[in-house]
Protein chains: 2
Amino acid sequence: MPRLDDVARAAGVSKATASRALSGADGVSATTRERVQRAAGDLGFRASGAARRLATGLTRTIGVLTPSVDRWYFGSVLHGIAHAADAHEHDVLLYDLGAFGRGGHEKFERFMRRGEVDGLVTITWSLVGGDLSRLAELGIPVATVGEPTPHSRSFCLDDEAAGEQAAEHLVRLGHRDLLHIMSETEVQPIDASSSDRRRRAFERVSARHGLRTRPVVTVPTSPDGAHLAARELLARADRPTGIVAGTDDVALAVLLAAHQLGIRVPDELSVIGVDDVPTAAPFGLTTIRQDPAQHGEDVVAWIMSALAQHPHGRPDADPDRSHTSYAPVLVIRSSTAAPPRA
Amino acid sequence: MPRLDDVARAAGVSKATASRALSGADGVSATTRERVQRAAGDLGFRASGAARRLATGLTRTIGVLTPSVDRWYFGSVLHGIAHAADAHEHDVLLYDLGAFGRGGHEKFERFMRRGEVDGLVTITWSLVGGDLSRLAELGIPVATVGEPTPHSRSFCLDDEAAGEQAAEHLVRLGHRDLLHIMSETEVQPIDASSSDRRRRAFERVSARHGLRTRPVVTVPTSPDGAHLAARELLARADRPTGIVAGTDDVALAVLLAAHQLGIRVPDELSVIGVDDVPTAAPFGLTTIRQDPAQHGEDVVAWIMSALAQHPHGRPDADPDRSHTSYAPVLVIRSSTAAPPRA
DNA sequence: TGTACGCTCGGAACCGGTTCCATGAATGGA
DNA sequence: TCCATTCATGGAACCGGTTCCGAGCGTACA
């Protein structure tokens, strides 16, 4: 494995010059640079990342802390992150923390102990507030996707607006009897998680229009659990005319349950979700769209700009902890309509 | 940021001894070791990974090359990999290559140029044969999940058996007129991709039992595209009595299309898939189960054992390129039954 | 009492880049 | 013609661990 030394010797220059020539620094004549580059090419030289890290203190890597990777939202954010990081010639170091409490916290501690990255993005629900503030003291740019948090820069859907739009859509169609169903958060609850904000928005709309009040229902996160719970709910005599689901996964479970019980959608029951997962379209699910991959790209763009200002972290006294919220987009399909005339 | 030097001075020993004490090497008395550890703790010492990498040549990182991360199969494998890697105190470096041809190959080249890992797992369909053989020459343990390949150690479902079991299940129920629907592979086709092996197995079963022959149908990968294609297929007059789908995603699209067309499942149409995705259960989809997360854990276990033998790669003359195939498991639910009496 | 051996520990040479600073040559202006 | 800059380049000191090798000491055995 050839070293910089070998390249320098082959090109007849010093290590210092070879380094400058290959890294693109200026202060090297064009002819020398070309000679060094050719020598490097001939020898098949690949600079040692470890040595560069040690010398520069930069890893050219950004870390991602996520509670899971095999669900749509997280996978999409991660996809956006990976794509944008690649565009900036940065690598992605993945910490799949899993559910908090089930080993997730030990994995977090391992990150604090060993993780070496230039910037960090945490996908929400993986951490509690105390952990987030420890991250903030790491001296590197930290951003969160999926949750507005005071501890770091953050990016996420405007959940309040999403919940509001979903409920308002059904109210506009004439519904006066709605039920909100949300997925249970399997992790340590944070003050106001995404689903809680959607719920609160629903309740505000409900109060504003004087709708019939029904207690919010929580169903399991697994598709199977959600489906069974939805079935039981819809089987009751006084079911509502419309259902506002916290996520598309829940909405789809409701759709399936309705079908199995012979309840016609949207004639007898309207259903609306949030997310616009890929399967929402074929099912004709009306929903509130968000684009997590875009959030992932944006969070990396921010990290890169922060890095450009303070390459070695320690972003002086007043770090940017602003919040970017994305406007939800109502996508009307065929799962919502005016309520049946009683 | 305290260095090893500081710890050594605080503990009144040399750097060499401090290093040995903290890394757990022997040749250090118990009392000295404890003194050093306390000093390190007091100072909040965290060893520089970059320095360790440079000195040892080991990154304690394994790389993952995957065509995507936001689909069930890939996400699940990645989850298994991350979990197992964590258990071995290794990090995961993620390269989300995307579809081959759409920038995927440039990302691969970037990995070849910059990627520094102790071991590598490629999730299939991200690469063509030539790339795989280049990886094999990297001098580190390389394994593939999802595809048996001669270029590396590999792990995947026995696709032949899966295709066979699926078809045989329907034949046993009495079907004589089956159609195979598979998802189009959006990437550079490899000689025998997973879906091709399932298809061939289907065709063998079909020939063996002298079933009515129908040309295999390919549908788009997107849920929406698959659904539309399935709808068109089922709307034809002479539809088959049973459908063997290459994956659950396709099977679910068929199920939905059948429902919308008023075709009763399983009375009028049987449908079977492969995968057992989480949504298969609520839909009552009969399927062939596989457990990609387990494959991910196993591939890491293999890499770790290879690393234990040759910590610095270069696994001499005859690297292990054997193939592990997992037995498929038939999960019978309510989407399959005897064909309707004509 | 002398020698051999084992154990703990320190000195110093790595690993392979980056970068500060000094040097020498070439250029431009007075 | 001379001095002041600018520019390309080389020498050497880093970055922060790991590890080889040898020194010193204590014990055991002849």
Side-chain angles (χ1 to χ4, degrees), chain A residues 1-37 39-40 43-61 89 113-118 139 311-314, chain B residues 1-37 39-40 43-61 89 91 113-116 118 139 311-314:
Chain A
M1 190 104 288
R3 300 169 309 169
L4 183 62
D5 226 11
D6 303 321
V7 175
R9 201 171 312 116
V13 298
S14 70
K15 267 175 68 180
T17 301
S19 173
R20 282 186 285 252
L22 294 176
S23 72
D26 50 358
V28 184
S29 73
T31 62
T32 305
R33 179 173 311 239
E34 207 228 343
R35 192 149 36 92
V36 173
Q37 284 172 339
L43 271 60
F45 171 74
R46 282 178 50 196
S48 155
R52 175 180 299 150
R53 281 175 185 228
L54 183 57
T56 62
L58 259 28
T59 63
R60 294 193 144 267
T61 296
E89 291 274 318
R113 200 157 9 102
R114 278 205 351 101
E116 286 188 319
V117 293
D118 291 346
H312 291 273
R314 286 293 148 212
Chain B
M1 189 103 288
R3 300 169 308 168
L4 184 62
D5 226 10
D6 304 320
V7 175
R9 201 171 313 113
V13 297
S14 70
K15 268 175 66 180
T17 302
S19 172
R20 283 185 285 252
L22 293 175
S23 70
D26 50 0
V28 185
S29 74
T31 61
T32 304
R33 181 178 310 254
E34 206 228 343
R35 191 150 36 94
V36 173
Q37 284 172 340
L43 271 62
F45 171 74
R46 283 179 51 196
S48 153
R52 177 180 295 149
R53 281 175 184 227
L54 183 57
T56 63
L58 261 26
T59 62
R60 291 194 144 268
T61 297
E89 290 274 317
D91 287 336
R113 200 158 8 103
R114 275 203 359 98
E116 286 188 319
D118 291 346
H312 290 274
R314 288 289 150 215

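Residue numbering restarts at 1 for every chain, and letters A, B, ... go by the order of the sequence lines.
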Would you tell me if any nitrogen or oxygen in the side chain of [X] comes within less than 4.0 Å of OP1 or OP2 on [N]?
X	N	result
B/S19	D/dT19	no
A/T32	D/dT9	yes
B/S14	C/dG10	yes
B/S23	D/dT18	no
A/T17	D/dG10	yes

Is the base of D/dG16 touched by the side chain of B/K15 through a donor-acceptor pair closer than 3.5 angstrom?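 There is none.
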Report yes if the side chains of A/R20 and A/V36 come closer than 4.5 Å at any heavy-atom pair, otherwise no.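 No, too far: nothing below the 4.5 Å cut-off.
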[X] [atom1] to [N] [atom2]: how many Å, rounded?
X	N	atom1	atom2	result
A/E116	D/dC15	CD	P	16 Å
B/L54	D/dT19	CG	P	12 Å
B/D26	C/dG6	CG	P	14 Å
A/R3	C/dC15	CZ	P	6 Å
B/L58	C/dC15	CG	P	16 Å
B/R46	D/dG16	CZ	P	13 Å
A/L4	D/dC14	CG	P	19 Å
B/R33	C/dT8	CZ	P	9 Å

Base, sugar-phosphate, or nothing for B/R20, non-hydrogen atoms under 4.0 angstrom?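 Base contact - B/R20 has a heavy atom under 4.0 Å of at least one base atom.
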Would you mind classifying the nucleic acid contact of A/A16 as base, sugar-phosphate or nothing, using non-hydrogen atoms under 4.0 angstrom?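 Since a base atom lies under 4.0 Å of A/A16, the category is base.
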Under 3.5 Å: donor-acceptor pair, side chain of B/R33, backbone of B/L22: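 Such a contact is absent between B/R33 side chain and B/L22 backbone.
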Taking the nucleotide of DNA chain D with the nearest heavy atom to each, does A/A30 or B/R52 sit closer to the 5' end?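 Residue closer to the 5' terminus by nearest nucleotide: A/A30.
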Under 4.0 Å between a side-chain nitrogen and a carboxylate oxygen: does that hold for A/R60 and A/D118?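 A/D118 and A/R60: not salt-bridged.
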Hey, which sits more toward the 5' end of DNA chain C by its nearest nucleotide, B/T31 or B/T56?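 Taking each residue's closest nucleotide, the earlier one in sequence belongs to B/T31.
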